[in-house]
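Everything numeric in this text was worked out from a predicted model, so none of it was measured.
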There are 2 protein chains.
Amino acid sequence: MPKQTFFNLEPEKRQGIIAAAVREFAEHPFEQASLTKIVESCGIAKGSMYQYFEDKLDLYLYIVDLAYEQKKAYVGRAFSLEGDIFAVLSEYYRLSYQFALDHPLLHQVANKFWDSRSEALRAELEKGRLSRSRDFARVLAEAMAAGKVNPQLDPEAVFFVYHAVGKELIDHFHQGCNDEFLQQVLDVLKYGLQARD
Amino acid sequence: MPKQTFFNLEPEKRQGIIAAAVREFAEHPFEQASLTKIVESCGIAKGSMYQYFEDKLDLYLYIVDLAYEQKKAYVGRAFSLEGDIFAVLSEYYRLSYQFALDHPLLHQVANKFWDSRSEALRAELEKGRLSRSRDFARVLAEAMAAGKVNPQLDPEAVFFVYHAVGKELIDHFHQGCNDEFLQQVLDVLKYGLQARD
DNA sequence: TGTCGGTATGACTGGGTGGTCACATAAGGG
DNA sequence: CCCTTATGTGACCACCCAGTCATACCGACA
């Protein structure tokens, strides 16, 4: 967590620091991101950074959190379509894509976070995965109870699959991804590979 | 490509270098892997490394290639089960898992390769993806022609989904992954989320 | 005016990196 | 025995890094 000093800053300066950090962490994973470049890019002294944050990791986690909060606010509406799980999923990924278009840097920060292999970040990673699985698990359980979802499937396996595909979709957002392709991918998940009678 | 000098080495020494490099690249992505540590770990001089390889990238690509060749040899049998695409897929992932158990370091090298974000590796990444999509596309086309596969699906989307899930499965091999869970994940893909009549 | 807490600073430390190069060694062929 | 060619070597170079610290600045209050 940032120190109090950081929050005492004039908002303008604070935003400048945040913006510079977002730029750097959007381009490089934690280990390769350079604090030196961040302070140069926003024109403050190296030492000042240590008045605001404990260390590089502290800054990083603050920025990742920020990116995630923004994304959650953006994407959360999808879950308001209660009842129709397929509409929820479609809207969820559509909004994720919109977010990536509107906030490419925040998108990249959040995205790069997931392939951090650093031990220091493992705990945070797991926490994030769990918190996101909760909403999904709830919607899935409801849909199963309502008989809308294939009852022979293992809910955990379903989450695993959607998580994997979601990650890959998000990874490929930067290459462009029209609504049609998105819909086709979701259809694969919805109808399954095997031909129906 | 390694220089001729590398292939002139006594096999024992050559294997020592390979083993050390595999250890390092299994633990760290390309950018964070340390040539210095590799030469220390196999007891040769830094300068010698540059008699064998052009640079760090040259060594890395050689090692990745090696890991992939081994994996292909191990996993390729799956495609001999022509005709039943679901058997092929099941066997493919089962063998991938076996490979990860038998050769954990090679597995990690191959695996880490996919989340390299370095520009220098982009071209290689794309090449690998294409070469692996070919076998899959062939089996899929056959199964579609035979009416075993849902004809309304977009083959490209199908490949996308299987690639994504495969990557995530492989990522999670190190946490253990029993046959049963694997089967359940494949069932999700096979039967689809929507309840059948 | 003095002084005191909070803040800003950037030179510096100690450690790491990939890559180089002048030199050493060894093996053959004349 | 020398000369050439192929290898081996590790000190060294230039660069980058996170993090520290003595010093300076600044506004407020006395």
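- The nearest whole Å value for the distance from the CZ atom in A/Phe53 to the P atom in C/dT7 is 14 Å.
- Salt bridge annotation for A/Arg138-A/Asp135: present, with a cationic side-chain nitrogen under 4.0 angstrom from a carboxylate oxygen.
- With sequence neighbours left out, the ring-ring contact (aromatic ring centres under 6.0 Å, His included) criterion links A/His172 to B/Phe160.
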Quiz: residues 144-159 of chain B side-chain donor-acceptor pairs under 3.5 angstrom, not counting sequence neighbours:
from     : atom 1 : to       : atom 2 : distance (Å)
B/Asn150 : OD1    : B/Gln152 : N      : 3.2
B/Asn150 : OD1    : B/Gln152 : NE2    : 3.4
B/Asp154 : OD1    : B/Glu156 : N      : 3.1

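- The nearest whole Å value for the distance from the CD atom in B/Glu40 to the C1' atom in C/dG18 is 13 Å.
- For B/Asp65, the side chain to side chain donor-acceptor pair (under 3.5 Å) test picks out no residue, with sequence neighbours left out.
- Checked against ring-ring contact (aromatic ring centres under 6.0 Å, His included), B/Phe86 has no partners two or more places apart in sequence or in another chain.
- For A/Ser90, the side chain to side chain donor-acceptor pair (under 3.5 Å) test picks out A/Gln183, with sequence neighbours left out.
- The distance between atom CE of B/Met49 and atom C1' of C/dC21, rounded to the nearest whole Å, is 18 Å.
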Please list each protein N or O that sits under 3.5 Å from an N or O in nucleotides 17-20 of chain D, with the distance.
from   : atom 1 : to      : atom 2 : distance (Å)
D/dC17 : OP1    : A/Ser34 : OG     : 2.9
D/dA18 : OP1    : A/Ala33 : O      : 3.1
D/dA18 : OP1    : A/Leu35 : N      : 3.0
D/dA18 : OP1    : A/Lys56 : NZ     : 3.4
D/dA18 : OP2    : A/Leu35 : N      : 3.1
D/dA18 : OP2    : A/Thr36 : N      : 3.2
D/dA18 : OP2    : A/Thr36 : OG1    : 3.1
D/dA18 : N7     : A/Lys46 : NZ     : 3.1
D/dG19 : OP2    : A/Tyr50 : OH     : 2.9
D/dG19 : OP2    : A/Lys56 : N      : 3.0
D/dG19 : O5'    : A/Tyr50 : OH     : 3.3
D/dG19 : N7     : A/Lys46 : NZ     : 3.4
D/dG19 : O6     : A/Lys46 : NZ     : 3.2

At a cut-off of 3.5 Å, list every protein nitrogen or oxygen paired with a nitrogen or oxygen from nucleotides 24-29 of chain D, distance to 0.1 Å.
none

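- Remark: aromatic rings of B/Phe113 and B/Phe30 are distant, center separation not under 6.0 Å.
- Taking atom CD of A/Gln51 as the reference point, atom P of C/dG10 lies 13 Å away to the nearest angstrom.
- Within a 6.0 Å sphere centred on CD of A/Glu180, other residues, nucleotides and ligands contribute 12 heavy atoms or fewer.
- Aromatic pair A/Phe6/A/Tyr62: centroids less than 6.0 angstrom apart.
- Near DNA chain D, meaning a heavy atom under 4.0 Å from it, residues 3-24 of chain B has B/Thr5, B/Asn8, B/Leu9, B/Lys13 in order of number.
- Partners of B/Lys167 by side chain to side chain donor-acceptor pair (under 3.5 Å), not counting sequence neighbours, listed by chain and number: A/Glu168.
- Screening residues 83-109 of chain A for salt bridge (Lys or Arg N to Asp or Glu O under 4.0 Å) gives A/Glu91-A/Arg94 as the qualifying pairs, with residues at least two apart or on separate chains.
- Taking five base pairs at each end of the helix from C/dT1-D/dA30 to C/dG30-D/dC1 and finding the rotation axis that steps the C1' atoms of four pairs onto the next four gives two axes whose angle is 40°, to the nearest 10°.
- Around NZ of B/Lys3, the count of heavy atoms belonging to other residues, nucleotides or ligands within 6.0 Å exceeds 12.
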Can you give me every donor-acceptor pair (side chain of residues 11-24 of chain A, partner residue at least two apart or in another chain, under 3.5 Å) with its distance?
from    : atom 1 : to      : atom 2 : distance (Å)
A/Arg14 : NH1    : A/Phe7  : O      : 2.9
A/Arg14 : NH1    : A/Leu9  : O      : 3.2
A/Arg23 : NH2    : A/Ser41 : OG     : 2.8
A/Glu24 : OE2    : A/Ser34 : N      : 2.9

